[in-house]
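Every number for a ligand or one of its atoms is a count from 1 in the order of the listing.
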Amino acid sequence: MSGALLEIEGLSCRFGGLLALDSLDLAVEPGALAGLIGPNGAGKTTCFNLITGRVRPSGGNVRFQGRPLAGLRPSRVNRLGVARTFQNIRLFDDLTVLENVLVGFHGRLKANFLSAILRLPAYAREDRRMHDRGLELLDLVGLGRLGQERASNLAYGQQRLLEIARALATGPRLLLLDEPAAGMNPNETAALARLVRRLRDDMGISVLLIEHDMHFVMNLCESLTVLDHGRVIARGAPREVQSDPAVIEAYLGAGLETAPLEGGHA
Ligand SMILES: Nc1ncnc2c1ncn2[C@@H]1O[C@H](COP(=O)(O)OP(=O)(O)OP(=O)(O)O)[C@@H](O)[C@H]1O
Ligand SMILES: [Mg+2]
């Protein structure tokens, strides 16, 4: 058995006549900062949906820390240590920013339901701890002063950061980010790159991210897998992938050729 954190073998997904993912093999090593890229409709989000148990595969296996994830519900996959954000932001608009993070702790509550109802001391202590930890996570992602704001009042880029904070609240070992930089301005994107690197370097969280912003991807990720029409067309270090003719053709030259490399620092 390999030492990969996440191992995907022959993973396929069919929607009617469409083979959205065709026998994908992918390994994410512990401590990886990996990217999954490809044109629209390539099957990237579908891959995340299969890993996290939102969509059932038509074939293949996914193992996390050696454990098969087949048939597990999303909440169970999350409790095992896989957290994600969504391409289409999914926040509770009517809750505050902090409350949205607290939702992420829900699956980790140690005090049981009864003590929660009765407001026993153990629950109150846990409540306090979660509250403090929630504020720490908001600080970490750069939303420290916005805890009491309604989530719907946040700018688009801030909502993406809040999704990351909520994902972190679930205590992941692997974080799956679906287009985290979408809608962000260049300053926000640069801050996001620093954040993602800190999550890996300081918190030991492995990251697999989907992103169309090639400048961001090329400077942040250490390895890339490129999908097109559900199939892997290239994989390797960003510099190798960037000059791969199959990749350039898949993107019709858009973006990739012009994305400047900055020696791995975004
Ligand atoms: N639930 C579904 N039912 C039917 N078809 C789907 C479903 N989910 C995805 N698809 C189709 O599968 C293909 C892959 O979609 P997917 O969302 O994985 O692409 P993507 O690589 O994430 O693209 P984008 O960059 O636009 O987000 C697309 O053709 C899409 O229309
Ligand atoms: Mg997608």
Atom 22 (O) of ligand 1 within contact range, any protein heavy atom under 4.0 Å | yes
Does Gly38 have a heavy atom less than 4.0 Å from any atom of ligand 1?
-> no
Please check if the side chain of Ser12 supplies one atom and the backbone of Ser23 the other of a donor-acceptor pair under 3.5 Å.
-> yes
Looking at Asp202 and Arg198, does any basic side-chain N land under 4.0 Å from a carboxylate oxygen?
-> yes
Quick one: look up the protein heavy atom nearest atom 27 (O) of ligand 1 and list residue, atom name and how far away it is.
-> Gln87 NE2, 2.8 Å
What salt bridge (Lys or Arg N to Asp or Glu O under 4.0 Å) pairs are there with at least one residue in residues 153-163, not counting sequence neighbours?
-> Glu163-Arg166
Are the side chains of His131 and Arg128 in touch, meaning some heavy atoms are under 4.5 Å apart?
-> yes
Mind jotting down which residue pairs meet the side chain to side chain donor-acceptor pair (under 3.5 Å) criterion with at least one end in residues 141-152? Sequence neighbours excluded, please.
-> Asp94-Arg150, Glu149-Asn153, Arg150-Ser152
Contacting atoms of ligand 1, where contact means under 4.0 angstrom from a heavy atom of Gly43 | 14 (C), 18 (O), 19 (O), 20 (P), 21 (O)
Checking heavy-atom distances from atom 18 (O) of ligand 1 to each of Ile37, Thr46, Leu50, Asp228, the winner is Thr46
Any N/O of Ala42 closer than 3.5 Å to an N/O of ligand 1?
-> yes
Proximal protein heteroatoms (N, O or S) of the Mg ion (ligand 2), under 2.8 Å | Thr45 OG1, Gln87 OE1
Hey, does Ile205 have a side-chain heavy atom less than 4.5 Å from the side chain of Arg200?
-> no
Closest to atom 28 (C) of ligand 1 (judged by heavy-atom distance), picking from Gly41, Ala20, Cys13, Pro39 | Gly41
Would you indicate whether the side-chain heavy atoms of Tyr251 and Met214 approach each other to under 4.5 Å?
-> yes
Identify the closest protein heavy atom to atom 2 (C) of ligand 1: which residue and atom is it, and at what distance?
-> Phe15 CE2, 3.4 Å
Same hydrophobic cluster for Val62 and Ile210, using side-chain heavy-atom links shorter than 4.5 Å among ILVMFWY?
-> yes
Using a strict cut-off of less than 4.0 Å between a Lys/Arg side-chain nitrogen and an Asp/Glu carboxylate oxygen, indicate whether Glu179 and Lys44 qualify as a salt bridge.
-> no
Closest to atom 11 (C) of ligand 1 among Val55, Thr45, Asn40, Leu18 (heavy-atom distance) = Leu18
Applying side-chain contact (heavy atoms from CB on, under 4.5 Å), name anything that partners Ser206, two or more places apart in sequence or on another chain.
-> Leu5, Leu174
